[in-house]
2 protein chains.
Amino acid sequence: MISDLKPYVERLRSSGLRPTKQRLSICKVLFDRKATFHFTIDQLKKKIEKSRKSKISLATVYNTVHAFKNNGYLKEISLRGNKTFFDTNVTSHYHFYDYETGELMDIKNEEIIVNKLPLAPKGKKIKDVEIIVRVANNNHNQKK
Amino acid sequence: MISDLKPYVERLRSSGLRPTKQRLSICKVLFDRKATFHFTIDQLKKKIEKSRKSKISLATVYNTVHAFKNNGYLKEISLRGNKTFFDTNVTSHYHFYDYETGELMDIKNEEIIVNKLPLAPKGKKIKDVEIIVRVANNNHNQKK
DNA sequence: ATTTAGTTTAGAACAATTATAAATTAGAAA
DNA sequence: TTTCTAATTTATAATTGTTCTAAACTAAAT
Ligand SMILES: [Mn+2]
Ligand SMILES: [Mn+2]
Ligand SMILES: [Zn+2]
Ligand SMILES: [Zn+2]
């Protein structure tokens with residue numbers, strides 16, 4: 001009740017959601033930051049529970065994240081594996097992915113120049129281009 | 001026992017696997033084709049069971065697919081969602097992904113030209129660059 | 001033929017996600 | 001304020017995809 005919650009209240013309202021205590025906790029973790037936050041649901045849930053010092057229901061986290069995603073406040077990232085990753089950076093950009101550590105890092109749009117793209121298949125339209133630059137530690141001679 | 005199974009036997013042996021009936025069934029579905037096959041495990045299992053007209057254990061499909069992936073005969077594709085997609089095309093290439101139909105299509109390496117890539121983060125090395133061009137039907141005004 | 005290590009299998013276990021339905025709460029209305 | 005209602009939270013169940021297990025089976029070496 002101290003800090004400025006207005007922007008979160010608006011963000012929630014514009015997503016068709018009431019500004020509850022739980023949702024405001026989620027907003028603080030997601031949007032009160034300068035750098036991009038890439039996360040899985042369980043990582044987010046842990047951060048929320050640390051910051052508010054009380055539990056939050058897993059269903060609430062899922063529901064709110066999905067609402068934000070559907071309203072363009074979060075993006076989902078294409079990655080191998082069976083966990084879903086989300087991104088607070090909703091501008092058009094690309095990623096480094098260190099598959100050894102699981103760490104994602106933004107690559108600004110202008111840092112990759114794509115000079116040629118194929119035409120979309122007949123009757124289809126290109127919606128977006130995702131680029132994942134997979135990286136790993138220099139020294140080790142790891143497979144795949 | 002009629003068709004030429006030698007190449008599959010070799011592929012299995014070189015993956016450290018004995019050529020069993022089940023594994024040869026899997027090989028026929030995976031490798032006896034001209035065009036790329038993009039699949040999930042359950043799609044593959046259904047095709048195998050249609051082609052051999054008897055059931056195959058899910059564990060055998062998983063095990064064999066993983067062995068082939070680890071030995072470079074299959075690739076895993078980065079995609080949103082919680083199902084894992086595999087690819088019989090192990091050459092370097094990119095993809096169209098129609099997220100309305102779930103359909104994946106190859107884009108040849110030379111059809112996309114990347115003219116600028118950022119340096120890998122300090123101490124890390126670029127292992128590969130995945131590009132997914134997400135497409136959807138022209139007409140509909142679908143969200144996301 | 002015998003032996004043995006590798007394989008298949010059904011089912012259990014596990015992990016991520018989604019669904020359910022009862023208790024709680026936000027916020028409008030009185 | 002208090003009352004009322006629909007929205008929300010929650011614990012838990014259900015569902016889905018994947019991995020593990022251990023007993024039955026089989027390839028292939030001896
Ligand atoms: Mn995936
Ligand atoms: Mn994913
Ligand atoms: Zn990002
Ligand atoms: Zn492909």
- [ ] Would you kindly say whether B/Gln22 and B/Thr60 are connected by a side-chain donor-acceptor distance under 3.5 Å?
- [x] no
Task: Opening and closing nucleotides of DNA chain C in contact with chain A, under 4.0 Å to non-hydrogen atoms - done: C/dA16 to C/dG27
Task: Pairwise side-chain contact, A/Arg80 with B/Glu76, heavy-atom cut-off 4.5 Å (strictly under) - done: yes
- [ ] Anything under 4.0 Å to a heavy atom of chain B counts; send over the first and last such nucleotide of DNA chain D, read 5' to 3'.
- [x] D/dG17 to D/dA28
- [ ] With heavy atoms under 4.0 Å as the rule, sort B/Leu58 into base, sugar-phosphate or nothing.
- [x] base
- [ ] Remember a base hit wins even if backbone is also touched, and classify A/Thr60 as base, sugar-phosphate or nothing at under 4.0 Å, heavy atoms.
- [x] base
Open item on the list: Closest-nucleotide mapping onto DNA chain D: is B/Ile41 or B/Pro19 further toward the 5' terminus? I mean the 5' end.
Closed with: B/Ile41
Open item on the list: Less than 6.0 angstrom from the centroid, inside 45 degrees of the normal: does A/Arg134 satisfy that with respect to the ring of A/Tyr99?
Closed with: yes
Open item on the list: Would you say the ring centers of B/Phe68 and B/Phe31 fall short of 6.0 Å from each other?
Closed with: yes
Open item on the list: I'd like to know if the side chain of B/Tyr73 pairs up with that of B/Ser14 as donor and acceptor (distance under 3.5 Å, no hydrogens or angles considered).
Closed with: yes
TODO: Indicate whether any N or O donor in one side chain lies under 3.5 Å from an N or O acceptor in the other, for A/Asp106 and A/His38.
DONE: yes
- [ ] Pick out which of B/Ile131, B/Ile107, B/Ile112 makes a side-chain contact (heavy atoms from CB on, under 4.5 Å) with A/Leu117.
- [x] B/Ile112
Task: Sole candidate of A/Lys47, A/Arg52, A/Glu49 that passes side-chain hydrogen bond (donor to acceptor under 3.5 Å, both in side chains) when paired with A/Ser25 - done: A/Arg52
